[in-house]
Amino acid sequence: MSKRGASPPPGGALVKRARSSPEPATNQIVISSSNDERQQALIRTVKRTSSLEAPIISLSGAHGAEILSCRFDPTGQNIAACSADRSVSLWRTYAPNTNYGQLASLHKAPILDLQWSLCAPLLYTVSADHALSVSDLTTGQRVRRLRAHRGIINSLDRTMAGGAGVELVVTGSDDGTVRVWEGGDEGPKTPVSVFEIGCPVTAVCWSADGQNIYAGALDNEIHVLDLRKNEQVYSLMGHTDTPTSLSLSPNGNYLLSPSFSSQTIIHDVRPFSPSPARVHRTLMGAPAGFENTLLRGAWSKDDGGRRVAVGGADRTVCIWDVESGKVLYKLPGHKGTVTAVDFHPKEPIILTGSKDATMLVGEIEPSITV
């Protein structure tokens, strides 16, 4: 007969068996300001949701003035930012997050917007010096400069012309015109098309098929321009103040437009909209402030456009759920107005630029468990 095993010790100590399967990578954070380990009782485990080195990374030191636009490249591996100090900085998205390039001689005035080329290692920039510049990112040199407008250029966007394999760039300016240019490092110095809006244009954006241009202007309207007919076909109404930026959803059906009134509208731009006013959602929560800054919004891409984000004068980024219209997050971290926002093309990562001359790259929703 075998002996019975020893009785459990008095007090009922519970011994937890270790798991045989490996745990996912986590970061443990002890929430306590005391040096006494006995008081450090609350431990949070942050499960990582991206390939970033840390949940939030600060990119600073490259600019001496406010950042006016910042964007991921189409692969998500690189970041470009432009500033009122007339320079463009280039960064690695992932560790070691180096500032590997600084383009300081592209323009003679603040650079207001930039876009990565869709088909070549080129960067398009527009400035208050009325010029559109094209830079080769393999050499860091400007390869093309166009005297594009007679006034400050506030915005640009690019698209691939259907079937032709030609990249087209659209620019909007204070001179009241929207102009379309042939992209690339070579091309004519004259625009492909010119649209007269009649008042300063603050934002431009291509439609998904590259046939229409959306142009927000000082008259509080978003003008829809047909490139084939070379004329305006209709307007998107609803704003009570000037739209500050335009961003198209990943599926091409909706258009995001923040404004100086602190009201952000998602417009339905499908050919046949169920709403006569074409207003899909009206969002509140990102204050525009009194500085009349052109705040740039963006759509999430890793989930097909279920979320939108706009920075605000309250130094936070507001992220909404598109279907419900509810605020999901108010992300802090900056010391000035958040001027620009962009989403990573493949992962739940958000990029923000601010008037404090810094950028933050962070996971949108690290799952935190206690």
Side-chain angles (χ1 to χ4, degrees), residues 69 71-76 80 113-126 132-134 144 146 148-149 153-173 177-197 201-217 221-236 243 245-257 266-273 278 280 296-301 304-305 308 342-343 345:
S69 183
R71 302 184 192 274
F72 289 107
D73 75 342
T75 68
D113 200 5
L114 57 77
Q115 288 282 1
W116 295 83
S117 170
L118 295 171
C119 60
L122 300 174
L123 190 72
Y124 301 105
T125 54
V126 291
L132 164 65
S133 290
V134 185
R144 192 174 168 203
L146 295 169
H149 288 271
I153 307 176
N154 295 305
S155 178
L156 86 156
D157 196 14
R158 76 280 187 257
T159 188
M160 295 302 296
V166 177
E167 193 167 36
L168 295 178
V169 178
V170 62
T171 55
S173 167
T177 66
V178 172
R179 304 191 181 202
V180 180
W181 309 86
E182 187 177 316
D185 54 0
E186 295 181 358
K189 292 187 177 182
T190 55
V192 175
S193 187
V194 178
F195 297 90
E196 293 284 348
I197 304 300
V201 178
T202 55
V204 290
C205 179
W206 285 103
S207 64
D209 59 6
Q211 301 297 331
N212 291 335
I213 300 166
Y214 306 107
E221 297 181 16
I222 298 172
H223 304 261
V224 183
L225 313 171
D226 192 312
L227 188 61
R228 295 163 296 183
K229 298 179 181 178
N230 203 38
E231 64 181 22
Q232 179 173 324
V233 287
Y234 65 93
S235 292
L236 297 171
S245 68
L246 298 174
S247 179
L248 192 69
S249 64
N251 61 11
N253 292 335
Y254 300 98
L255 187 71
L256 176 71
S257 63
I266 298 177
H267 303 271
D268 188 341
V269 294
R270 292 176 292 184
F272 302 98
S273 171
R278 290 185 174 271
H280 180 65
R296 307 189 187 280
W299 292 81
S300 61
K301 303 178 183 69
V308 293
D342 196 21
F343 283 93

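Excluded from the calculations below are hydrogen atoms, water molecules and symmetry mates; all remaining heavy atoms, backbone and side chain alike, are included.
Of all heavy-atom pairs spanning I197 and V201, the tightest one is CG1-CG2, 3.7 Å. Here the closest non-hydrogen pair linking A203 and S245 is CB-CA, 3.5 Å. The shortest non-hydrogen separation linking I266 to W299 is CG2-CH2, 3.9 Å. The minimum heavy-atom distance between R144 and P188, with the atom names listed, is NH2-O, 3.0 Å. Scanning all heavy atoms of the two residues, the minimum distance from E182 to V192 falls at N-CG2, 3.8 Å. Counting all heavy atoms, side chain and backbone alike, L156 lies closest to D113 at N-OD2, 3.3 Å.
Interatomic distance, L227 CG to N212 CG, rounded to the nearest 0.5 Å: 8.5 Å. In this structure, CG in L122 is found 5.0 Å from OG in S117, a value given to the nearest 0.5 Å. A distance of 9.0 Å separates CD in Q115 from CG in L123, rounded to the nearest 0.5 Å. Separating the CD1 atom in I222 from the CD1 atom in I213 is a distance of 14.0 Å, to the nearest 0.5 Å. Note that the OG atom of S273 and the CG atom of N253 stand 10.0 Å from one another [nearest 0.5 Å]. Note: Q211 CD to R228 CZ = 4.0 Å, rounded to the nearest 0.5 Å.
At least one side-chain heavy atom of W116 sits less than 4.5 Å from a side-chain heavy atom of R71. Contact annotation: the side chain of V269 never approaches that of S207 to less than 4.5 Å [non-hydrogen atoms, C-beta and beyond]. Contact annotation: the side chain of W206 approaches that of L168 to within less than 4.5 Å [non-hydrogen atoms, C-beta and beyond]. The closest side-chain heavy-atom distance from L255 to L246 is below 4.5 Å. Looking only at side-chain heavy atoms (C-beta outward), R278 and Y234 come within less than 4.5 Å of each other. Residues L236 and V224 have side chains in contact (heavy-atom distance under 4.5 Å, counting atoms from C-beta outward). You'll find the side chain of L248 stays beyond 4.5 Å of the side chain of D157, heavy atoms only.
Inspection of the T202 and N154 side chains reveals no N or O donor paired with an N or O acceptor under 3.5 Å.
Using modelled atom types, no side-chain atom of E167 and backbone atom of R158 make a donor-acceptor pair closer than 3.5 Å. Judged purely by atom type and a 3.5 angstrom limit, Y214 has no side-chain atom pairing as donor or acceptor with the backbone of L225. Distance alone, capped at 3.5 Å, places no donor-acceptor pair between the S173 side chain and the T177 backbone.
Counting only residues at least two apart or on different chains, the side chain to side chain donor-acceptor pair (under 3.5 Å) pairs with a member in residues 188-197 are S193-N230.
Atom CD of E186 sits in a sparse spot, with 12 or fewer heavy atoms from other residues, nucleotides or ligands closer than 6.0 Å.
Ring geometry for H280 against Y254 counts as tilted: the plane angle lies between 30° and 60°, on a 0 to 90° scale.
Under the rule for a side-chain contact (heavy atoms from CB on, under 4.5 Å), the partners of P121 that lie at least two apart in sequence or sit in another chain are T138.
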